[in-house]
There are 2 protein chains.
Amino acid sequence: MAGNPPQPSTSHPLADFKVGVDNIIFSIDTAAHRLLVLLVMRQQQPFCDRWSLPGTLVRQGESLEDAAYRILDEKIKVENLYLEQLYSFGGPHRDPRESAGSYNVRYLSVSYFALVRFEEAQLIPNQSTGVAWYPIEEVPSLAFDHNQILEYGYRRLRNKLEYSPVAFDVLPELFTLGELYQFYLTVLGEGFSDYSNFRARLLKLGFLSDTGIKTSRGAGRPATLYRFDAEAFSPLKDKPLVFV
Amino acid sequence: MAGNPPQPSTSHPLADFKVGVDNIIFSIDTAAHRLLVLLVMRQQQPFCDRWSLPGTLVRQGESLEDAAYRILDEKIKVENLYLEQLYSFGGPHRDPRESAGSYNVRYLSVSYFALVRFEEAQLIPNQSTGVAWYPIEEVPSLAFDHNQILEYGYRRLRNKLEYSPVAFDVLPELFTLGELYQFYLTVLGEGFSDYSNFRARLLKLGFLSDTGIKTSRGAGRPATLYRFDAEAFSPLKDKPLVFV
DNA sequence: TCAAAAGTGTTGGAGCTACACCCATGT
DNA sequence: ACATGGGTGTAGCTCCAACACTTTTGA
């Protein structure tokens, strides 16, 4: 934590902060091949009537993570998700409110990055508040510096996918290798790997257990359902594992 | 930034924060084969007379990064360094000062992670303030949750080294491959790679330019001095490059 | 001449890429 | 029957670990 006590001297007065939490909520619609991000329409100044990342200010007695979950719960109903802190933006003059009247209070934003299961996520229709999934390539100009935050979060998402098993936090309990492949393809873009090579590599790693169950989605040969075996995966933790 | 305005209602009062910045300052003494971290002895409550990470509270008009550099400048004199934000710790009840009197003010800590060139870093002997380099394995019990923060920073350091060229921010302009190898060996520990393989791999990547200059450190065959060629490296940016 | 450090080369195996090809199902 | 997606196999290549070996210096 902070090192020095609030300095009694007047030469270098400390800044007073309100702390906000902004969430980048990603979801992957594998069927439509789309990476989506949740945006909300701002209802008040500043940046009224502009889209923005869903955010809130931290309340008394509330932790940063609590605040992040609170936003999530207000916007969508979801069971399975992955949540992680991203970055803190705290320079002066970030927020127009700082100059306006408020006793020199500064606004610091801690951004969180979330991944939710698309098929299960239900948008909560708020009173007149616009909430919508936007495909990542169609995101408009956002309030504050939210476009930069989003950019940063998108890079982090791609990195996370490549070296950690987040995909399984957000895929259904049972899934086919085709679904897994589509998932990666959607986020990482075309040409990251051939399907059959992806398949062979993942299976050789040994943490996908074959349930023996077959499932048929429309035409084509029925696919085997697999389950992520966390125990078999654990020895691979923090190895320089590559999924792509 | 934060989404909603300060709520006028009294049902959910917002928290007021002071924001601190804590630095994990690493340095690598390749000659002695030691990874060092800078600690300071606290001079005031809470945790008086305990070692801690160097930190400070953010002043009016000062950005987070400015504050991080200010700490650095107060403790050491150094030209070459790498600095990056690590993580923000902001739960309630982290800081004993919160309960004590201070109007419900909360303390949020943004930690930064720095790497400085050891040979060049000069500790600034502060008035009676203890400042010292500690080998990473000998770090004592620290104030606040600084041991956890340090643990987190150490992981990040190792990761950074493996996939990004931070080493060259902190190595001398000209260096031998032996020095580079020792550098990695010190942080990553024994047995990460054979010298000759490390050498062959790095040279094949093509961003180390041979200066032709030879240098002799004591016994043994003189070594060639190399220079990091940032331009030749740039195409490898954000590739899943592995140094180890 | 010997130890120490720099630098080169080789060899077997693992893993990746880019395919070609077979299998089971719906229409 | 054929299109569609699931699943298997393989040849050629790259890369890497492990180790043996040569070169150039200081003592």
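Lettering of chains follows the sequences in order, A, B, ..., and the numbering in each one begins at 1.
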Taking atom CD of Q148(B) as the centre, does the number of heavy atoms from other residues, nucleotides or ligands within less than 6.0 Å exceed 12?
no
Should the heavy atoms of other residues, nucleotides or ligands under 6.0 Å from CD of E231(A) be counted, would the total exceed 12?
no
Over how many whole Å does the gap from [X] atom [atom1] to [N] atom [atom2] extend?
X: Y195(A); N: dG5(D); atom1: OH; atom2: P; result: 12 Å
X: L177(B); N: dT24(D); atom1: CG; atom2: P; result: 17 Å
X: F175(A); N: dG5(D); atom1: CZ; atom2: P; result: 20 Å
X: Y181(A); N: dG7(D); atom1: OH; atom2: C1'; result: 14 Å
X: L202(A); N: dT8(D); atom1: CG; atom2: P; result: 14 Å
X: R221(B); N: dT25(D); atom1: CZ; atom2: C1'; result: 9 Å
X: R199(A); N: dA18(C); atom1: CZ; atom2: P; result: 19 Å
X: K214(B); N: dA6(C); atom1: NZ; atom2: P; result: 12 Å

Which nucleotide in dG6(D), dC19(C), dA24(C) has an atom nearest any side-chain atom of P222(A):
dA24(C)
What nucleic acid atoms does S196(B) come within less than 4.0 Å of, heavy atoms only: base, sugar-phosphate, or nothing?
base
Validation row, ring centre Y87(A) to ring centre Y152(A) under 6.0 Å
yes
5'-most contact on DNA chain D (nearest-nucleotide basis), L225(A) vs S216(B), goes to L225(A)
Donor-acceptor pair present, S193(B) side chain and dC16(D) base, under 3.5 Å:
no
Salt bridge check: are R227(B) and E173(B) linked by an N-O gap of less than 4.0 Å?
yes
When K204(A) and A219(A) are each assigned the nearest nucleotide of DNA chain C, the 5'-most assignment goes to K204(A)
